[in-house]
Amino acid sequence: MRVLTAAEIRGLESCAVESGVSMETLMENAGAEVAAAVTEKMDVTGKKTVILCGKGNNGGDGFVAARLLAAEGAKVTVVLMQGAPASDLAKQAYDKMGRGIEIIMYRTAGGAVDAADVIIDAVFGFSFHGRLPSVMEPLLARAAENKKAFHISVDIPSGAVCDTGAVEGACFKADLTVTFTAMKPAGVVYPAAGFGGMTVVRQVGIKEEHLEMLPCDTESVLLGNICPLFPKRDPEGHKGTYGRLLMICGSVGMAGACIMAARAALRSGVGLLNIAIPHALYPILAPAVPEAIFTLYDPTEAPGEAVLDAIDKASACLVGCGLGTAPYAAKLVDAVLENAHGTVVLDADALNILAKTPEKLLVPQAPVIITPHPGEMCRLNGRTMAELRADRLQTARVFAQTYRVITVLKGAGTIIAAPSGETRVNTTGNPGMAKGGSGDVLAGITGALCAQNMQPFEAAYSAVCIHGAAGDLCAEALSQHGMLPTDLIEKLPQVFLQIEGK
Ligand SMILES: NC(=O)C1=CN([C@@H]2O[C@H](COP(=O)(O)OP(=O)(O)OC[C@H]3O[C@@H](n4cnc5c(N)ncnc54)[C@H](OP(=O)(O)O)[C@@H]3O)[C@@H](O)[C@H]2O)[C@@H](O)CC1
Ligand SMILES: Nc1ncnc2c1ncn2[C@@H]1O[C@H](COP(=O)(O)OP(=O)(O)O)[C@@H](O)[C@H]1O
Ligand SMILES: [K+]
C-alpha cells in the first residue's frame with residue numbers, strides 16, 4: 001500500500017480543489033467516514049460520545065462527526081482542547097453543529113471522558129509537530145484509563161508526527177484510526193503505529209487519477225504484496241538453479257546463531273548451502289545442519305584458498321551471525337567485501353566490525369544488504385537512539401543513500417531502504433519475535449532469497465515480510481510468550497505454502 005506524506009496529501013487536496021471539489025466537501029466526507037466507523041461498530045443511540053477537538057482541520061472533522069453522530073441519536077459532548085476553532089473551515093463545521101451538542105473546555109472534561117462509551121480523538125492531524133502540550137496529558141491519560149470505551153483517532157493519533165511516526169511525548173491510544181486519502185507514515189512506522197490501533201484508509205473526494213499519478217517511493221508490505229515476486233520453481237530445476245549461499249557465521253560460543261541462520265536459509269528454498277566455520281565448530285554444526293556442505297578454516301590464519309574459492313563460487317554471501325569480532329573475523333569480512341560477486345548480506349558482528357569503518361561498505365562491486373537492529377544502526381551511523389526513534393524512516397534512507405547499501409532497520413515495523421530512495425515498511429510480525437536469535441533467522445532467509453537471484457531490494461523486503469508472517473503464525477499457535485526463534489524456522493514452510501498459492 002502506498003504511503004504518502006502530509007505535503008503530498010496537501011498537494012492532492014489542492015488538485016481536488018482545482019478540479020472543483022471544495023475543502024468543505026473533503027471535510028464533510030472525512031467527518032462522515034469517522035461517524036460511519038462508529039455506527040458500523042455499534043448502535044449509537046443514547047451512547048455517550050466524547051469528541052476531543054483541536055483548533056485546526058482535524059478538529060473540524062471532529063465537529064462534522066459530532067453533528068452526524070448526534071443526528072443518529074448519540075449523546076455527544078465536544079471538548080475544545082485548544083479553545084475556539086482557528087481555521088475558517090473548522091469554524092464553519094463548528095457553527096453547523098447547532099444545538100443539542102454539549103460543548104465544554106478540556107479542563108472540565110475529565111468526568112465526561114471517564115463515562116464515555118466512545119472517545120474520538122480529533123485534536124491534531126497531519127500538521128502536528130513537536131510534542132503534545134503537557135496540559136493535554138492528564139485528559140489523554142484518563143481517556144486511556146476508560147477501558148470500556150471505543151477509542152478512535154481521526155487521521156492519525158494525536159501526539160504522533162505524520163511524516164516520521166515519531167512520538168516524543170504523550171499520544172492518544174486508539175483502537176481504530178480512520179485515515180484519509182492514503183496511508184501516512186504515522187500509520188505504519190513505529191512508535192506512532194503502536195498508538196493508532198487498526199488503521200483504515202477512507203476516500204473523501206480526492207480523485208483516483210490524481211492519487212495514481214502521484215509518484216510514490218514508500219510502500220507498506222503485506223504477504224499478499226510479495227507473492228507475485230516468487231515465480232513457480234522450474235519443473236526441470238536442479239540444485240544449481242536455486243543458488244549457492246555461502247555463510248560465514250558462527251564462532252566458538254555462538255554456534256547457535258549460525259545453525260539458526262543456516263536452517264532458515266534451507267527452509268527458504270536455496271539450492272546449495274556452504275557454511276564456512278572454524279574447525280572447532282564442525283562437530284556441532286555437521287549434525288545440526290545435515291543438508292549443508294562445510295568449508296573449514298583456521299582462525300589463527302588469514303583467510304585461505306578454500307574460503308576465497310567459496311566466496312568466488314557463491315551466488316550470495318551471508319556474513320556475521322555469531323561470527324564474533326576477533327581480528328580473524330574482520331579479515332573474513334574484508335575478504336567478502338573485496339571478492340564477492342553475488343549479493344552480500346551483512347548482519348550482527350559483521351556490522352559491529354564495520355562500525356568503525358563504515359566507508360568499507362562502499363568497497364564491494366556486488367549489491368550489499370545490511371540488517372542492523374537499532375543498536376547496530378546507531379553504532380554504524382554514530383547517532384543516538386533518541387535520534388533514531390525520532391525518524392526511523394529517514395535514518396534508514398540516509399544510511400542507504402550515503403553508503404549505497406540496502407538498509408534493513410529492524411524492529412517493529414522494520415524499514416527497508418534502497419540507495420535509490422525506494423522504501424518499504426513491513427507490517428507483519430509481533431513482539432513474540434523480540435528474542436535473541438530472531439535476527440539470525442531473518443539473515444538466513446535474506447541470504448537464501450538473494451542466492452536464488454532475486455533482485456536484492458525485493459529479496460530484502462520479502463525476507464522481512466516472510467519472517468514476520470512466520471512470527472504471526474507462531475504467535476497464533478504458540479503464544480507470543482512461548483514462541484521461539486527456532487519455531488519461526490519451522491513455520492516457514494507454511495508461509496511458503498501461502499506464497500505458492502496452496
Ligand atoms: N487534506 C485532506 O485531504 C483532508 C484533511 N483533513 C483534515 O485536516 C487535518 C489537517 O488539518 P490542519 O492542517 O489544519 O492541521 P491539524 O493537524 O488539525 O493541526 C493544526 C493545528 O495544531 C497546531 N499544532 C501543531 N503542533 C502542535 C503542538 N505540538 N502543540 C500545539 N499545537 C500544535 C498547529 O499550530 P501551528 O503549527 O500553526 O503553530 C495548528 O494550529 C488532517 O489531518 C485531516 O484530519 C480533512 O478535513 C479533509 C481532508
Ligand atoms: N515487536 C516486534 N515486532 C515485530 N518484529 C520484531 C519485534 N521485535 C523484534 N522483532 C524482529 O525480530 C528480529 C530481532 O532481531 P535482532 O534484534 O537482530 O535479534 P538477534 O540478533 O538477537 O537475533 C528482527 O527481525 C526484528 O524486526
Ligand atoms: K487525531
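Keep in mind that this is a model prediction, so the values were computed, not measured. Counting starts at 1 for both ligands and their atoms, in listed order.
- For ligand 1, the atoms lying closer than 4.0 Å to a non-hydrogen atom of N58 are 8 (O), 9 (C), 11 (O), 18 (O), 43 (O), 45 (O).
- Here is the list of ligand 1 atoms found below 4.0 Å of a heavy atom in L26: 48 (C), 49 (C).
- The heavy atom nearest to atom 11 (O) of ligand 1, out of those in L132, N57, V135, T25, is found in N57.
- For the K ion (ligand 3), the set of nearby N, O or S atoms under 3.4 Å includes none belonging to D155.
- When hydrogens are left out, the protein atom nearest atom 29 (N) of ligand 1 is H129 O, 2.7 Å; that is the closest non-hydrogen contact.
- Considering both main-chain and side-chain atoms, S438 comes within under 3.5 Å of ligand 2 through a nitrogen or oxygen pair.
- Distances from atom 24 (C) of ligand 2 to the heavy atoms of H373, K410, M260 put K410 nearest.
- Under 4.0 angstrom from ligand 1, the non-hydrogen atoms of E13 all belong to its side chain.
- Of the candidates P431, G439, A257, G468, the one placing a heavy atom closest to atom 23 (O) of ligand 2 is G439.
- Residue-level proximity to ligand 1 for S127 is carried by backbone and side chain together, each with a heavy atom below 4.0 angstrom.
- For atom 5 (C) of ligand 1, the closest non-hydrogen atom on the protein side is F126 CE2, 3.9 Å.
- At under 3.5 Å, not a single nitrogen or oxygen of R10, backbone or side chain, sits near a nitrogen or oxygen of ligand 1.
- When hydrogens are left out, the protein atom nearest atom 46 (C) of ligand 1 is D61 OD1, 3.2 Å; that is the closest non-hydrogen contact.
- Atom 34 (C) of ligand 1 is not flagged as protein-proximal [any protein heavy atom, distance under 4.0 Å].
- Note on ring orientation: taking the six-membered ring where Trp is involved, the planes of F124 and F128 are tilted (angle from 30° to 60°).
- The distance from ligand 1 to the heavy atoms of Q82 drops below 4.0 Å at these ligand atoms: 31 (C), 32 (N).
- Against a heavy-atom cut-off of under 4.0 Å, G125 is close to the following atoms of ligand 1: 16 (P), 17 (O), 18 (O), 43 (O).
- Looking only at heavy atoms of the protein, atom 26 (C) of ligand 2 is closest to G411 N, 3.6 Å.
- Among protein heavy atoms, the minimum distance from atom 30 (N) of ligand 1 is reached at P133 CG, 3.5 Å.
- A salt bridge links K410 with D347; the closest basic N to acidic carboxylate O contact falls under 4.0 Å.
- For atom 42 (C) of ligand 1, the nearest non-hydrogen atom from the set D155, V204, T179 belongs to D155.
- By the definition of a contact as any protein heavy atom under 4.0 Å away, atom 38 (O) of ligand 1 is not in contact.
- At under 3.5 Å, not a single nitrogen or oxygen of L442, backbone or side chain, sits near a nitrogen or oxygen of ligand 2.
- From the protein, the heavy atom lying nearest to atom 20 (P) of ligand 2 is G437 N, 3.5 Å.
- Protein heavy atom at the shortest distance from atom 4 (C) of ligand 2 is N430 N, 3.4 Å.
- For the residue pair E8 and L214, the shortest heavy atom distance occurs at CB-CD2, 3.9 Å.
- Look at A86 and you'll find every heavy atom at least 4.0 Å from all atoms of ligand 1.
- Nearest to atom 8 (N) of ligand 2 among the protein's heavy atoms is A434 CB, 3.5 Å.
- Short contacts between ligand 2 and D440, defined as distances under 4.0 Å to a heavy atom of the residue, involve ligand atoms 23 (O).
- Remark: minimum distance from atom 10 (N) of ligand 2 to any protein heavy atom is reached at M433 CB, 3.9 Å.
- Residue G429 approaches ligand 2 through these ligand atoms, each under 4.0 Å from one of its heavy atoms: 4 (C).
- Note: H151 and F172 have tilted aromatic rings, judged against thresholds of 30 and 60 degrees for the angle between ring planes.
- Considering backbone and side-chain atoms together, G413 places no N or O closer than 3.5 Å to any N or O of ligand 2.
- With a 4.0 Å cut-off on non-hydrogen atoms, K55 touches ligand 1 through its side chain and not its backbone.
- Atoms of ligand 2 lying under 4.0 Å from any heavy atom of T414, numbered from 1 in the order shown and given with element: 27 (O).
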